[in-house]
Student: 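Starting off with a structure, shown below.
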Amino acid sequence: MKKLIVGNWKMNGSVQEAKALIAALINGLYADEGLLEGCKFAVCPPFLHIGNVRHALHGYPKIAIGAQDCSALENGAHTGDVSAAMLKDAGCRYVIVGHSERRSDHGESDADVKAKAEAVLKHDMIPIVCVGETLEQREAGEHLKVVEAQVNGSLPDKSFGEIVVAYEPVWAIGTGKVAGIAEIAEMHAHIRALVGRGVWILYGGSMKPDNAGEILAVDNVDGGLIGGASLDADSFLGIARAV
Ligand code: PGA
């Protein structure tokens, strides 16, 4: 199975910076057939930049577009929200839901995340459902139980549509502290047992070119969700090469 490498740009970048980043990614990835053969790629810009990124990707179908969140609601009087239908119309193939930053900044519960994931599936896109324990939960030995509850509570019913799960230990996001190989292997095997074979399981949390090869070789790691390193084309390409 090809690995899936997803860049999560988070709340970063001016219009010009987003255009420059996608141009550099297109140049780098399309210059190397081997990279496109070995992996599937997606970038998740802020909503504001999706239109420009789509425009830049015209003629480069091997880089998909994702969004970082969506509303669970269909449409209407919900100021500031963006619906799954709008994202589909804007060219998105993936939507990240339940990222730990949204769970903490916006108090999103597992039920909220599940409703968003279902909206994404309903509009023929693929939800990337994020789960992951905090440092306190890991130190208390509760990490498997916590993630299991998140998986059970946040994933839509398995039977309908393609789903991606991203395991992102909260303590490894943006901290430079990557989870150990044994920790990743244990959690990914646990998630695999819960979700079965048909679901992609990504690892996220301080993935960089120098640790990506080792992480992506772990059993049940089907790809990566990359934050900080996805803002730099060379780092993102370096991760792709590490596969
Ligand atoms: P990071 O973020 O790679 O900067 O740790 C990963 C994520 O939050 O998706």
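Residues take their numbers from the sequence shown, with the count starting at 1. Remember, it's 1-based here, ligands and their atoms both numbered in the order they're listed.
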Student: Can any side-chain N or O of R192 pair as donor or acceptor with the backbone N or O of G196 at less than 3.5 Å?
Tutor: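 Here the side-chain-to-backbone pair exists.
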
Student: Please work out, at 4.0 Å between heavy atoms, whether the side chain, the backbone, both, or neither of S100 comes within that distance of ligand 1.
Tutor: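 For S100, there is no contact with ligand 1 at all, from either part.
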
Student: Check each atom of ligand 1 against the heavy atoms of H99 and keep those under 4.0 Å away; list them by number with element.
Tutor: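 Selected atoms, number and element: 7 (C), 8 (O), 9 (O).
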
Student: Does I173 approach ligand 1 within less than 4.0 angstrom via side chain, backbone, both or neither, non-hydrogen atoms only?
Tutor: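 For I173, the contact with ligand 1 is made by both the backbone and the side chain.
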
Student: So which heavy atom in the protein is nearest atom 3 (O) of ligand 1, and how far is it from that ligand atom?
Tutor: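 So the nearest neighbour among protein heavy atoms is G227 N, 2.9 Å.
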
Student: Do the side chains of V178 and L216 join up, straight or via other hydrophobic residues, at under 4.5 Å, putting them in one cluster?
Tutor: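 Yes, one cluster joins them.
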
Student: Under 3.5 Å, is there a donor on one side chain and an acceptor on the other for E168 and H99?
Tutor: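 Yes, H99 and E168 have a side-chain donor paired with an acceptor closer than 3.5 Å.
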
Student: Is it true that K88 and D124 have a side-chain N and a carboxylate O under 4.0 angstrom from each other?
Tutor: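 So K88 does not pair with D124 through a salt bridge.
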
Student: List the atom pairs, donor and acceptor, that lie under 3.5 Å between side-chain atoms in residues 56-65 and the rest of the protein, sequence neighbours left out.
Tutor:
none

Student: Given C44, G174, G7, A229, which one has a non-hydrogen atom that is nearest to atom 5 (O) of ligand 1?
Tutor: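 Result: the heavy atom closest to atom 5 (O) of ligand 1 is in G174.
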
Student: I'd like to know if A172 contacts ligand 1, where contact means a heavy-atom distance under 4.0 Å to any ligand atom.
Tutor: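 For ligand 1, residue contact (heavy atoms, under 4.0 Å) with A172 is present.
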
Student: So, applying side chain to side chain contact (heavy atoms under 4.5 Å, CB included) with Q137, which one of V147, V146, V170 is it?
Tutor: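 Of V147, V146, V170, side chain to side chain contact (heavy atoms under 4.5 Å, CB included) with Q137 is met by V146 alone.
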
Student: Which atoms from ligand 1 have a heavy atom of G205 less than 4.0 Å away?
Tutor: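 Counting atoms of ligand 1 from 1, those under 4.0 Å from G205 are 5 (O).
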
Student: Among all protein non-hydrogen atoms, which one is nearest to atom 9 (O) of ligand 1, and what is the separation to 0.1 Å?
Tutor: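 Residue, atom and distance for the closest contact: E168 OE2, 2.6 Å.
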
Student: Touching ligand 1 at all, K10? Heavy atoms, strictly under 4.0 Å?
Tutor: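 Yes, that is the case, since the closest heavy atom of the residue is under 4.0 Å from the ligand.
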
Student: Salt-bridged, D222 to K40, with N to O below 4.0 Å?
Tutor: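 No, no charged N to carboxylate O under 4.0 Å.
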
Student: Looking at ligand 1, does G204 have a heavy atom less than 4.0 Å from it?
Tutor: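 No.
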
Student: With heavy-atom distances below 4.0 Å as the criterion, list the atoms of ligand 1 near N8.
Tutor: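 Heavy-atom distances to N8 below 4.0 Å select 9 (O).
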
Student: Would you please say whether a donor-acceptor pair under 3.5 Å links the side chains of W171 and E133?
Tutor: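 Short answer, yes.
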
Student: What's the shortest distance from atom 4 (O) of ligand 1 to any protein heavy atom, and which residue and atom give it?
Tutor: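 Ranked first by proximity to atom 4 (O) of ligand 1 is G228 N, 2.8 Å.
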
